[in-house]
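The figures that follow rest on heavy atoms only: side chains count, while hydrogens, waters and symmetry mates do not.
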Amino acid sequence: MRCPICGAKMVNKQLCQYCNITDEQIYNASNKKVKKVRKEANSDLIHFTTIVPKDVERLKLILFTIFLGVFGVNHLYINRLYRGIYSIVSMSLFVLFVILTFVGVQFLGFFNIVYQIVGYAGAINVILWISDIINVLIKKMKIPVVLAEKGEKNG
């Protein structure tokens with residue numbers, strides 16, 4: 001296991017020798033507190049870990065990633081808002097432009113450039129979605145958490 005703060009390997013998988021973070025703090029971390037901490041503009045307390053916290057259901061995360069991940073639902077579920085919003089906007093515009101193309105609308109001038117940008121954004125989003133599926137299945141998905149205080153139990 002690696003420390004979510006500095007990335008160093010945990011000594012005996014129990015303690016970070018640089019940050020003094022314990023495995024208990026990581027296993028009791030909370031994803032739900034991320035929203036509250038962001039509202040307080042105290043993002044220093046938010047760290048990313050590959051260990052799924054107790055307040056996030058792994059099966060739900062897998063299903064959201066596979067079936068709705070292309071629209072960013074999985075990122076909204078784990079409070080990765082910017083990535084979720086990017087996915088929603090890029091795929092919604094991509095689907096809209098594909099539908100307009102099938103209807104027979106031709107994009108000329110400025111709209112052709114917008115059409116190409118939306119196409120690239122949609123393609124990038126699909127690649128990111130596929131990588132998300134792989135990451136969530138091999139337990140490498142980075143989830144934002146607020147670490148528990150020493151001795152604190154969440155869940």
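Applying the side chain to side chain contact (heavy atoms under 4.5 Å, CB included) test to Lys60 and every residue at least two apart in sequence or in another chain returns Glu57, Phe64, Tyr77. Partners of Phe107 under the ring pair (Phe, Tyr, Trp, His ring centres under 6.0 Å) rule, at least two apart in sequence or in another chain, are Phe97, Tyr115.
The neighbour count for Gln106 CD, taken as heavy atoms of other residues, nucleotides or ligands under 6.0 Å away, does not exceed 12. Environment of NZ in Lys32: crowded, with over 12 heavy atoms of neighbouring residues, nucleotides or ligands closer than 6.0 Å.
Taking both residues in full, the closest heavy atoms of Ile66 and Trp129 are given as O-CZ2, 3.2 Å, listed atom of the first, atom of the second, then distance. For the residue pair Ser87 and Phe71, the shortest heavy atom distance occurs at CB-C, 3.8 Å. The two residues Met10 and Ile21 come nearest to each other via the heavy atoms CE-O, 3.3 Å. Here the closest heavy-atom approach between residue Ala29 and residue Pro53 is recorded as O-CB, 3.4 Å.
Of the residues listed (Asp55, Thr49, Asn79), the one engaging Asn31 in a side chain to side chain donor-acceptor pair (under 3.5 Å) is Asn79, and it is the only one. For the side-chain contact (heavy atoms from CB on, under 4.5 Å) test with Leu81, the passing option among His75, Lys35, Arg38 is Arg38; the others fail.
In terms of modelled atom types and a separation under 3.5 Å, the side chain of Gln25 and the main chain of Glu149 share no donor-acceptor contact. Under the 3.5 Å distance criterion, the side-chain polar atoms of Asn125 are matched with a main-chain donor or acceptor of Val70.
When side chains are defined from C-beta on, Phe111 does not count as touching Val105, because their heavy atoms never get closer than 4.5 Å. Side chains of Phe48 and Pro144 form a contact here, defined as non-hydrogen atoms less than 4.5 Å apart. Annotation: side chain of Ile5 is in contact with side chain of Leu147 (closest heavy-atom distance under 4.5 Å).
Here the straight-line distance linking atom CD1 of Ile62 with atom CE of Met141 works out to 10.0 Å at 0.5 Å rounding. Note that NZ of Lys139 is 5.0 Å distant from CZ of Arg58, once rounded to the nearest 0.5 Å. Note that CE of Met1 and CD1 of Ile51 are 4.0 Å apart. Values are rounded to the nearest 0.5 Å. Atoms CG and CD1, on Asn135 and Ile138 in that order, are 5.5 Å from each other to the nearest 0.5 Å.
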(request) Give the intermediate values and the outcome of side-chain contact (heavy atoms from CB on, under 4.5 Å) for residues Leu61 and Ile143. (result) CA-CA 11 Å; Leu61 179 60; Ile143 300 173; 4.1 Å; yes
(request) Decide side-chain contact (heavy atoms from CB on, under 4.5 Å) for Ile78 and Asn74; before the verdict, give the C-alpha distance in whole Å, the side-chain angles of both, and the deciding distance to 0.1 Å. (result) CA-CA 7 Å; Ile78 60 172; Asn74 58 331; over 6 Å; no
(request) Take Asn28 and Lys54, measure what side-chain contact (heavy atoms from CB on, under 4.5 Å) needs, and give me the verdict at the end. (result) CA-CA 7 Å; Asn28 290 315; Lys54 293 177 182 176; 3.0 Å; yes
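Leu100 is connected to Val89 through a chain of hydrophobic side-chain contacts under 4.5 Å among Ile, Leu, Val, Met, Phe, Trp and Tyr, so both are in one cluster. No single ILVMFWY cluster, assembled from side-chain heavy atoms under 4.5 Å apart, contains both Leu63 and Ile88. The cluster map of Ile, Leu, Val, Met, Phe, Trp and Tyr, joined by side-chain heavy atoms under 4.5 Å apart, puts Ile99 and Ile117 in different clusters. No continuous path of hydrophobic side-chain contacts links Leu45 to Tyr82 [ILVMFWY only; heavy atoms under 4.5 Å]. Under the 4.5 Å side-chain heavy-atom criterion for ILVMFWY residues, a single connected hydrophobic cluster contains both Val126 and Val98.
Checked by atom type, the side-chain pair Thr65/Asp132 shows no donor-acceptor distance below 3.5 Å.
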